[in-house]
Trainee: 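Dumping the structure here so I can ask a few things about it.
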Amino acid sequence: MSKEMKSLENNNVWKLTVLPPGKKANSCKWVYKVKTNSDGSLERYKARLVARGFDQKFGSDYDETFCPVIRQESLRTLVALSTQKELELHHVDVQTAFLNGTLQEEVYMEQPVGYEVKGKKKLVCKLNKSIYGLKQSSRCWNTTLDS
């Protein structure tokens with residue numbers, strides 16, 4: 001959890017502020033996962049902070065949720081062509097991908113439980129970047145990647 005919080009801090013994901021009148025703060029939660037190696041042995045424990053995007057309302061909290069996905073046929077064609085042309089094909093996994101997408105909307109989130117800033121517990125997080133769980137996170141990441 002500390003590693004995830006450090007990543008959020010390094011990516012300048014939010015700043016603490018007073019919740020403006022008429023706005024609501026989305027809740028958030030921790031999602032835990034055990035990562036294993038291919039042989040089934042323990043690799044590491046992972047914690048991710050996610051916004052509860054189901055609280056968001058279309059039209060007021062977000063407008064678009066689009067993110068393109070590749071069709072299996074296209075992927076197979078790409079692999080076949082790279083094999084025929086003897087090209088190298090690389091798969092890239094972007095760590096904290098969604099945290100690189102800049103939000104266009106004003107989105108507020110409650111401070112994560114256990115990581116509230118002392119003396120500032122009444123403040124909320126104004127999100128600068130998309131965070132896992134928001135309806136528009138995929139679109140934000142795709143826009144950033146595309147540009």
Trainee: Looking only at heavy atoms, what is the nearest atom pair of V79 and S82, with distance?
Mentor: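 Looks like O-OG, 2.8 Å.
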Trainee: Would Q104 and Q136 count as a side chain to side chain donor-acceptor pair (under 3.5 Å) if you check the C-alpha gap in whole Å, the side-chain angles of each, and the deciding distance to 0.1 Å?
Mentor: CA-CA 9 Å; Q104 304 302 316; Q136 65 269 46; over 6 Å; no
Trainee: May I ask whether L87 and L81 are part of the same hydrophobic cluster, defined by side-chain heavy atoms of I, L, V, M, F, W, Y residues being less than 4.5 angstrom apart, directly or through others?
Mentor: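 In one cluster with L87: L81, no.
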Trainee: Assess whether side chain to side chain contact (heavy atoms under 4.5 Å, CB included) is satisfied between N10 and L99, documenting all intermediate values.
Mentor: CA-CA 10 Å; N10 290 343; L99 303 184; over 6 Å; no
Trainee: Rounded at 0.5 Å granularity, tell me how far NZ in K33 sits from NZ in K46.
Mentor: 8.0 Å
Trainee: Which pair of heavy atoms, one from C125 and one from P112, lies closest together, and at what distance?
Mentor: SG-CD, 4.5 Å
Trainee: Just how far is it from atom CD of E116 to atom NZ of K122, taken to the nearest 0.5 Å?
Mentor: 13.5 Å
Trainee: Can you check whether I131 reaches V107 side chain to side chain, under 4.5 Å on heavy atoms?
Mentor: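 No, every pair of side-chain atoms sits at 4.5 Å or beyond.
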Trainee: Hey, what do you get for OG1 (T144) to CZ (R139), rounding to the nearest 0.5 Å?
Mentor: 9.5 Å
Trainee: If I compare all heavy atoms of D55 with all of K24, which pair ends up nearest, and what's the gap?
Mentor: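 The answer is O-NZ, 2.7 Å.
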Trainee: Show the nearest heavy-atom pair for residues E4 and L49, with the distance to one decimal.
Mentor: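 Result for this residue pair: OE2-N, 3.3 Å.
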Trainee: Ion pair present between K126 and E110, side-chain N to carboxylate O less than 4.0 angstrom?
Mentor: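 Here K126 does not pair with E110 in a salt bridge, since their nearest N and O are not under 4.0 Å apart.
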Trainee: Is L8 reachable from Y115 through a run of hydrophobic residues whose side-chain heavy atoms are each under 4.5 Å from the next?
Mentor: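 Linked within one cluster.
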Trainee: Backbone N or O of F98 within a donor-acceptor pair of the S130 side chain at under 3.5 Å?
Mentor: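 Yes: the side chain of S130 pairs with the backbone of F98.
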Trainee: Does the side chain of N100 reach to within under 4.5 Å of the side chain of N11, using non-hydrogen atoms?
Mentor: yes
Trainee: Nearest 0.5 Å, please: how far is CG in L103 from OG1 in T143?
Mentor: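 That separation rounds to 10.5 Å.
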Trainee: For residues L134 and A51, report the shortest heavy-atom separation together with the two atoms involved.
Mentor: CD2-CB, 3.7 Å
Trainee: Is atom NZ of K3 surrounded by more than 12 heavy atoms (other residues, nucleotides or ligands) closer than 6.0 Å?
Mentor: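 No - once you tally the heavy atoms of other residues, nucleotides and ligands closer than 6.0 Å, there are 12 at most.
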Trainee: With distance as the sole test, does S41 use its side chain to make a donor-acceptor pair with the main-chain N or O of N37 at under 3.5 Å?
Mentor: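 No, because the side chain of S41 does not come within donor-acceptor range (under 3.5 Å) of the backbone of N37.
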Trainee: Are V113 and V13 grouped together when hydrophobic residues (ILVMFWY) are joined by side-chain heavy atoms under 4.5 angstrom apart?
Mentor: no
Trainee: Would you find more than 12 non-hydrogen atoms of other residues, nucleotides or ligands less than 6.0 Å from Y45 atom OH?
Mentor: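 Open.
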Trainee: Going by heavy atoms in the side chains, are V124 and L16 under 4.5 Å from each other?
Mentor: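 No, side chains not in contact.
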Trainee: Under 6.0 Å between ring centres: does that hold for W141 and Y132?
Mentor: no
Trainee: Counting only heavy atoms not in R44 (residues, nucleotides, ligands), do more than 12 fall under 6.0 Å from its CZ?
Mentor: yes
Trainee: In Å, rounded to the nearest 0.5 Å, how long is the span from CE of M109 to CG of L19?
Mentor: 13.0 Å
Trainee: With sequence neighbours left out, write down each residue that passes side chain to side chain contact (heavy atoms under 4.5 Å, CB included) with T102, or none if nothing qualifies.
Mentor: K129
Trainee: What about V31 and F54, same hydrophobic cluster or not, with Ile/Leu/Val/Met/Phe/Trp/Tyr joined at side-chain heavy-atom distances under 4.5 Å?
Mentor: no
Trainee: What closest approach, in Å, do K120 and Q111 show between heavy atoms, and which atom pair accounts for it?
Mentor: O-NE2, 2.7 Å
Trainee: Hey, does Y32 have a side-chain heavy atom less than 4.5 Å from the side chain of M1?
Mentor: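 Side chain of M1 against side chain of Y32, heavy atoms only: contact under 4.5 Å found.
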Trainee: Side chains of T17 and Y108: closer than 4.5 Å at any heavy-atom pair?
Mentor: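 Touching, per the 4.5 Å side-chain cut-off.
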Trainee: What is the distance from atom CG of N26 to atom NZ of K29, rounded to the nearest 0.5 Å?
Mentor: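 The NZ atom of K29 is 13.5 Å from CG of N26, to the nearest 0.5 Å.
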Trainee: Counting N and O atoms only, with roles assigned by atom type, does the side chain of S137 sit under 3.5 Å from a partner on the main chain of G133, one being a donor and the other an acceptor?
Mentor: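 No, S137 side chain to G133 backbone: no donor-acceptor pair under 3.5 Å.
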